[in-house]
Amino acid sequence: MSLTAKDKETVKAFWAKVAPKADDIGQDALSRMLVVYPQTKTYFSHWKDLSPGSAPVKKHGATVMGGVADAVAKIDDLTAGLLNLSELHAFTLRVDPANFKILAHNILVVCAIKLPNDFTPEVHVAVDKFLAALARALAEKYR
Amino acid sequence: MVQWSDFERATIQDIFSKINSDFVGPAALSRCLIVYPWTQRYFGSFGNLYNADAITSNPKVAAHGKVVLAGLEKAVKNMDDIKTAYKDLSVLHSEKLHVDPDNFNLLSDCLTIVVASQMGDAFTADVQAAFQKFLAVAVASLRKQYH
């Protein structure tokens, strides 16, 4: 299920609309993930405050969305482009890759809330494929 | 037996009273057929599903979307024993329709996204958690009679 040329165009066009709200979207998606899938909180036991809108959640949401924006820019070769991030997640963070799907789902939910008219089914399928491809590239160095 | 908090109970009732069921059912089903095209395997008799526009404007898809949502409304009315309420539906999906139950999760995700877009900021993280729990119980009940 690799990205077609049309998928890449759709993702880039949609991400241009996401960009001005990226930090907000990242914070909201991360907050939702921690509330709706409480097992994900296990990765953030070092944070003082895991509640929606808290300072660490805000900061980290922005960091994650920065990574996604970077991936959009490197959409033609995600594996090469995300090599360093993959090593970070594989050897240092050791996040179970099943969680990438969970975060992706929450990013999609927030896109539907913040950009309801732009997040059409056609955009949805392209972004879903892109986030899955991103997750695969991120898991590349795991084993 | 599933335990529902007061918040969860109230939230589910609230969501289903607020959403436009004539819109949400068809929108979620057509989104599922577009985003996860392999799900079209179960709708061979529905005619033109060749592209997103065809799916969105297909009257059989719309009609069936309403049927699916009515099924969920039945679960809302029987929240304390969805398993029993869904017994016949589960047998139907397994024995007659032969639907791979993993597809129920795909449709659930599409329902979550459509309801989120309808409710906007009112679809908070806590509301999302309650809604996804409800869908998970409905899906588990639908899987129950598979063997």
Side-chain angles (χ1 to χ4, degrees), chain A residues 1 3-4 6-7 10-11 14 17 21 24-41 49-54 57-58 61 98 101-132, chain B residues 5 7-8 11 15 19-20 23-24 26-40 49-58 61-62 65 102 105-136:
Chain A
M1 292 197 267
L3 298 170
T4 63
K6 181 158 177 267
D7 288 330
T10 305
V11 170
F14 182 69
K17 299 186 178 138
K21 307 174 197 247
D24 216 20
I25 289 176
Q27 175 205 252
D28 196 352
L30 200 63
S31 302
R32 277 169 198 275
M33 185 188 79
L34 296 167
V35 168
V36 182
Y37 302 88
Q39 70 272 19
T40 58
K41 291 193 292 189
D49 187 356
L50 282 145
S51 58
S54 70
V57 172
K58 257 190 166 138
K101 197 161 196 276
I102 291 176
L103 182 56
H105 168 70
N106 286 293
I107 292 173
L108 296 177
V109 170
V110 178
C111 286
I113 291 173
K114 298 251 167 1
L115 296 152
N117 299 321
D118 296 299
F119 195 61
T120 61
E122 292 99 309
V123 168
H124 178 167
V125 59
V127 176
D128 191 39
K129 283 177 76 176
F130 165 68
L131 292 174
Chain B
S5 70
F7 172 80
E8 286 165 345
T11 299
I15 291 174
I19 57 170
N20 178 353
F23 172 79
V24 167
L29 184 62
S30 49
R31 193 169 278 254
C32 188
L33 295 169
I34 293 167
V35 178
Y36 309 107
W38 54 93
T39 57
Q40 291 168 26
L49 299 176
Y50 298 137
N51 54 47
D53 285 332
I55 291 171
T56 319
S57 55
N58 185 311
V61 172
D102 285 350
N105 297 322
L106 302 179
L107 182 56
S108 290
D109 283 351
C110 288
L111 274 157
T112 301
I113 281 170
V114 170
V115 169
S117 68
Q118 288 287 286
M119 292 182 65
D121 289 325
F123 197 68
T124 63
D126 291 323
V127 169
Q128 181 182 343
F131 188 63
Q132 291 195 199
K133 178 177 167 178
F134 169 75
L135 289 177

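Here the structure is a predicted model, which means the values were calculated and not measured. In what follows, chains carry the letters A, B, and so on, assigned in the order in which the sequence lines appear, proteins first and then strands, with residues in each chain numbered from 1.
- Within residues 124-134 of chain B, the residues that have a heavy atom under 4.5 Å from a heavy atom of chain A are B/T124, B/A125, B/D126, B/Q128, B/A129, B/Q132, listed by number.
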Audit row: B/Y36, A/V125, side-chain contact (heavy atoms from CB on, under 4.5 Å) steps and yes/no: CA-CA 8 Å; B/Y36 309 107; A/V125 59; over 6 Å; no
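- For A/Y37, the part lying near chain B is the side chain, with the backbone staying farther off; criterion is any non-hydrogen pair under 4.5 Å.
- In this structure, the separation between CD1 on B/I55 and CD on A/E122 is 9.0 Å, given to the nearest 0.5 Å.
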Would you give me the side-chain donor-acceptor pairs under 3.5 Å for residues 108-123 of chain B, sequence neighbours excluded?
residue	atom	partner	partner atom	Å
B/S108	OG	B/F104	O	2.9
B/T112	OG1	B/S108	O	3.0
B/S117	OG	B/V114	O	2.8

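- Nearest approach of B/W38 to A/M1, heavy atoms of both residues: CZ3-SD, 4.0 Å.
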